[in-house]
Each structure stands twice: as structure tokens, then as C-alpha cells.
Amino acid sequence: MRVDQIMMADDPGGDDSDVGLAVETRPKTKRPPLYKVMILNDDYTPMEFVVMVLERFFGMNHAQSFELMLTVHKKGLAVVGVFSYEIAETKVAQVMDFAQQHQHPLQCTMEKE
Ligand code: TYC
């Protein structure tokens, strides 16, 4: 926090007893770090399942989901969203739980941006 000493202009009392300290209260705000959530390709998870995951947990429409699934299939991985730590962690857990429930080896991870 910056502290700036200021003189009271034209102090009528003249004894300097009310010389003020102006405390700058502008808070030092730091934007929270963001985290990339990624899904990884594998040889076993059905394409339709990955499309469903992207629709269900990342709010994409069918066309967007299909396209991103194909990107992961071809390139090995893709960022599917960028979130605060807590949201990213929740997304990863939701995807991993959902994949496990359906016995697919789909992997979802997060990484600081
Ligand atoms: N490679 C998988 C298949 O051919 C499809 C797939 C795409 C799996 C994306 C995972 O994150 C993934 N069935």
C-alpha cells in the first residue's frame, strides 16, 4: 500500500497539528491465475462419448463438440476451456468421474496458463 504524506493547504491554525496522512486505499488486486483444462486422446474412448462430455460439461453445441473431439483425436490433446482453479478442478473431476462410470479411459487434466 502506498502512503503519501500531504500538507494541508493554507492551514489556518498554523501549528501543523492537523497535517494529514493520505492513505491511498486503492487495493492491490491481482487477477486470479487461470488454468487450461485439456482432454487427451486415447485409442478406446468412443468418439460419441467425447462429444457428449464436451456438450455436457463444457457447454458446447454438437458441432463445436464434434470438431474439438476430432482435433483431440488427430493432435493428441486440446484445451477445452480456461477457468479459475476451483472451476477447472471441478471440470476435471466431473469428466474423470463420468468416464470412469462408463469405463472409458478418457483423461482430463489441468495446467496453469
Ligand atoms: N481416439 C478415439 C477413437 O478413435 C476418440 C477419442 C477422441 C478419444 C478424443 C479420446 O479425447 C479423446 N475412438
Side-chain angles (χ1 to χ4, degrees):
M1 187 191 295
R2 256 178 55 209
V3 179
D4 299 315
Q5 190 158 31
I6 60 168
M7 298 297 294
M8 289 296 167
D10 213 34
D11 179 6
D15 65 356
D16 281 350
S17 62
D18 58 356
V19 164
L21 267 186
V23 178
E24 193 177 89
T25 54
R26 174 174 53 93
K28 282 263 150 53
T29 55
K30 271 227 228 63
R31 273 187 294 277
L34 293 175
Y35 290 78
K36 301 180 286 190
V37 171
M38 292 159 300
I39 59 170
L40 278 57
N41 188 37
D42 66 73
D43 291 339
Y44 305 103
T45 305
M47 290 185 171
E48 316 80 69
F49 184 81
V50 178
V51 171
M52 184 167 55
V53 162
L54 296 176
E55 289 172 344
R56 182 181 291 223
F57 299 115
F58 298 94
M60 296 177 200
N61 67 33
H62 194 77
Q64 293 168 327
S65 297
F66 194 85
E67 196 177 312
L68 196 48
M69 178 281 296
L70 272 188
T71 299
V72 178
H73 177 70
K74 288 186 214 159
K75 305 226 171 191
L77 87 176
V79 174
V80 297
V82 177
F83 307 99
S84 68
Y85 184 85
E86 286 80 4
I87 303 287
E89 203 179 37
T90 302
K91 300 281 181 196
V92 170
Q94 286 173 327
V95 173
M96 295 300 282
D97 286 353
F98 192 57
Q100 197 167 46
Q101 279 165 27
H102 292 82
Q103 300 185 316
H104 296 312
L106 179 63
Q107 294 294 308
C108 182
T109 61
M110 60 192 273
E111 181 181 290
K112 197 168 180 181
E113 202 178 46

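In each ligand, atom 1 is the first atom listed, and ligand 1 is the first ligand listed.
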Problem - Side chain, backbone, both or neither: Asp42 near ligand 1, heavy atoms under 4.0 Å - result: both

Handout entry: Side chain to side chain, Val80 and Met60, heavy atoms closer than 4.5 Å
Key = yes

Practice task
May I ask you to identify the nearest protein heavy atom to atom 4 (O) of ligand 1, giving residue, atom name and distance to one decimal place in Å?
Solution key: His73 CE1, 3.1 Å

Handout entry: Protein residue, atom and distance nearest to atom 11 (O) of ligand 1, heavy-atom basis
Key = Leu40 O, 2.8 Å

Completion exercise
min-distance protein heavy atom vs atom 9 (C) of ligand 1 -> Val72 CG1, 3.6 Å

Fill in the blank from the handout: The protein heavy atom nearest to atom 3 (C) of ligand 1 is Thr45 O, 3.6 Å

Practice task
Kindly compute the distance separating CZ (Phe58) from SG (Cys108), expressed to the nearest 0.5 Å.
Solution key: 5.0 Å

Practice task
Kindly say whether Asn41 contributes a backbone atom to a donor-acceptor pair with the side chain of Thr45 at under 3.5 angstrom?
Solution key: no

Practice task
Can you establish whether the number of heavy atoms outside Gln103 located under 6.0 Å from its atom CD is more than 12?
Solution key: no

Problem - Protein heavy-atom partner closest to atom 6 (C) of ligand 1 - residue, atom, separation in Å - result: Asn41 OD1, 3.4 Å

Problem - Within 6.0 Å of CD in Gln64, more than 12 heavy atoms from elsewhere - result: yes

